[in-house]
Number of protein chains: 2
Amino acid sequence: MSVEQTARAPRADARRNRDRLLEAGAQVLAEQGAGASLRDVARRAEVGLGTLYRHFPNREALLEALLARRFEELACRAGELAAEQDDPEAALVGWLREFCAGAGAYRDLPGTLLATLRDPASPLHASCTAMREAGGGLLAAAQRAGRIRADVTGTDLFALANAVSWIADQAPVLAERSEHLFGLVVDGLRV
Amino acid sequence: MSVEQTARAPRADARRNRDRLLEAGAQVLAEQGAGASLRDVARRAEVGLGTLYRHFPNREALLEALLARRFEELACRAGELAAEQDDPEAALVGWLREFCAGAGAYRDLPGTLLATLRDPASPLHASCTAMREAGGGLLAAAQRAGRIRADVTGTDLFALANAVSWIADQAPVLAERSEHLFGLVVDGLRV
DNA sequence: ACCTGAACACCGTTCAAGT
DNA sequence: ACCTGAACACCGTTCAAGT
């Protein structure tokens with residue numbers, strides 16, 4: 001009897017189109033922000049518009065594919081830092097800084113990430129929840145060490161980190177102040 | 001000789017259409033946010049689309065007309081508080097709270113207000129600058145009294161206040177935390 | 001002077017027709 | 001199994017034609 005195959009390997013052209021879409025997506029979203037024209041993405045990938053929708057049924061699915069790896073790494077990194085925890089505050093702050101860099105990858109991404117909280121059906125929901133919880137571990141450690149206020153929740157942290165990233169995207173003057181604003185907000189979290 | 005009239009009174013129908021547009025605008029923007037469909041505004045006002053554009057050449061012009069009074073009042077209020085200044089910190093914080101309420105009038109308004117910083121041609125630029133500078137007066141007073149960190153600029157303040165308003169708009173869970181997040185951010189500004 | 005809506009160039013999304 | 005692009009219902013914005 002023949003070998004059973006529950007999961008088929010994708011057809012070669014499908015795989016190639018997916019790769020082209022991801023590459024084009026990264027470029028176009030970098031230029032136009034997270035709300036970029038999906039038509040432009042398909043055009044840049046030299047692929048039919050329907051093909052884009054076949055691979056990524058909505059904008060969040062494309063974003064998820066583009067960002068998943070980075071977000072998983074960030075979640076892992078938080079887990080490691082929480083386990084080590086020689087300086088829990090420094091660990092938290094360092095991780096937050098990295099998170100902000102990721103959230104600032106595309107203009108308007110912070111809004112999309114926060115919107116994840118109100119619809120669990122979003123393809124981004126899983127990666128975001130994982131990241132949020134990982135950050136929550138670092139937060140809890142810093143709180144146990146008496147370095148961060150006890151009334152700060154993981155969601156608070158997620159909201160404020162995205163807000164700082166969001167500010168930087170709104171105007172060049174603000175992007176310049178980004179580091180400083182990050183510091184001000186973090187200081188607000190200290191006991 | 002006849003009386004010179006440099007500024008004509010607007011035609012009655014024009015005045016009426018403008019009023020209808022403002023009322024419809026307030027409703028539709030409240031429902032759909034600052035990025036609402038201008039077609040819907042014209043429809044609700046029972047006015048041709050061209051009429052909307054004649055009265056308000058772009059979205060910011062409509063927003064300005066809808067928000068001008070509130071923003072001017074806020075600027076005045078800041079001026080008064082700065083002059084009185086019995087408790088400069090309480091004055092600043094109270095004013096910030098009021099500002100946040102105004103910035104939260106329509107979803108996505110905070111982004112529009114911050115975007116004002118990057119294009120001075122926006123009809124909202126004047127009212128925003130006035131408000132920013134008025135808030136800056138309260139900030140300076142609180143800093144002179146040694147209650148707020150000296151490294152906080154008026155632009156920092158404007159950015160953070162809008163960011164807190166923005167967070168509240170992103171998800172119901174976050175709207176609930178709005179007061180608390182406001183407190184955290186303000187604490188970050190204290191010396 | 002002011003109003004109107006068709007016209008244009010864009011969207012996101014779907015789906016019948018192809019290979 | 002997958003790709004394609006026309007089709008649909010929307011945008012913002014402009015402008016010739018009307019009153």
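Letters A, B, ... are given to chains in the order of the sequence lines, protein chains preceding strands, and every chain is numbered from 1.
Under 4.0 angstrom from either OP1 or OP2 of C/dA1 there lies no side-chain N or O belonging to B/R11. For D/dC3, one of the phosphate oxygens OP1 or OP2 lies less than 4.0 angstrom from a side-chain nitrogen or oxygen of A/H55.
In this structure, CZ of A/R16 is placed 13 Å from C1' of D/dC2, rounded to the nearest angstrom. Counting to the nearest Å, the C1' atom of D/dC3 and the CZ atom of A/R18 are 16 Å from each other. Atom pair B/L63:CG and D/dG12:P shows a separation of 13 Å (rounding to whole Å applied). Separating the OH atom of A/Y53 from the C1' atom of D/dC2 is a distance of 18 Å, rounded to the nearest angstrom. As rounded to whole Å, 17 Å separates atom C1' of D/dA1 from atom CZ of A/R15. For the pair A/D19 CG and D/dC2 P, the computed distance is 14 Å after rounding to whole Å. Look at CG on A/L52: it is 13 Å from P on C/dC11, rounded to the nearest Å. Atom P of nucleotide C/dG12 and atom CG of A/D40 are separated by 8 Å, given to the nearest angstrom.
The base-pairing partner of C/dA9, taking Watson-Crick or G-U wobble contacts with both distances under 3.5 Å, does not exist among the strands shown. Under the Watson-Crick and G-U wobble criteria, each requiring two contacts below 3.5 Å, nucleotide C/dC3 is left unpaired.
At a threshold of 4.0 angstrom between heavy atoms, the contacts of A/R43 are confined to the sugar-phosphate backbone, with no base atom among them. Residue B/N58 is out of contact with every strand shown, counting any heavy-atom pair closer than 4.0 Å. Nucleic acid contact for B/A36: sugar-phosphate only, since backbone atoms but no base atoms lie under 4.0 Å from a heavy atom of the residue. Using a 4.0 Å heavy-atom criterion, one finds that B/L49 contacts the bases of the nucleic acid, with or without backbone contacts as well. Residue A/S37 is classed as a sugar-phosphate contact, given heavy-atom separations below 4.0 Å to backbone atoms only. A/R39 comes within 4.0 angstrom of a nucleotide base, judged by non-hydrogen atoms across all strands.
Here the side chains of A/T153 and A/F158 are not in contact, with every heavy-atom distance at 4.5 Å or above. In this structure, the side chains of B/L67 and B/S127 stay at 4.5 Å or more apart for every pair of heavy atoms. Between B/V47 and B/H55, every side-chain heavy-atom pair lies at or beyond the 4.5 Å cut-off.
Taking each heavy atom of A/L139 and A/L157 in turn, the nearest pair found is CB-CD2, 4.2 Å.
Here the side chain of A/D13 is nearest to one of C/dG12, D/dC2, C/dC2, namely D/dC2.
Under a cut-off of 6.0 angstrom, the local environment of CZ in A/R118 is crowded, with over 12 non-hydrogen atoms contributed by other residues, nucleotides or ligands.
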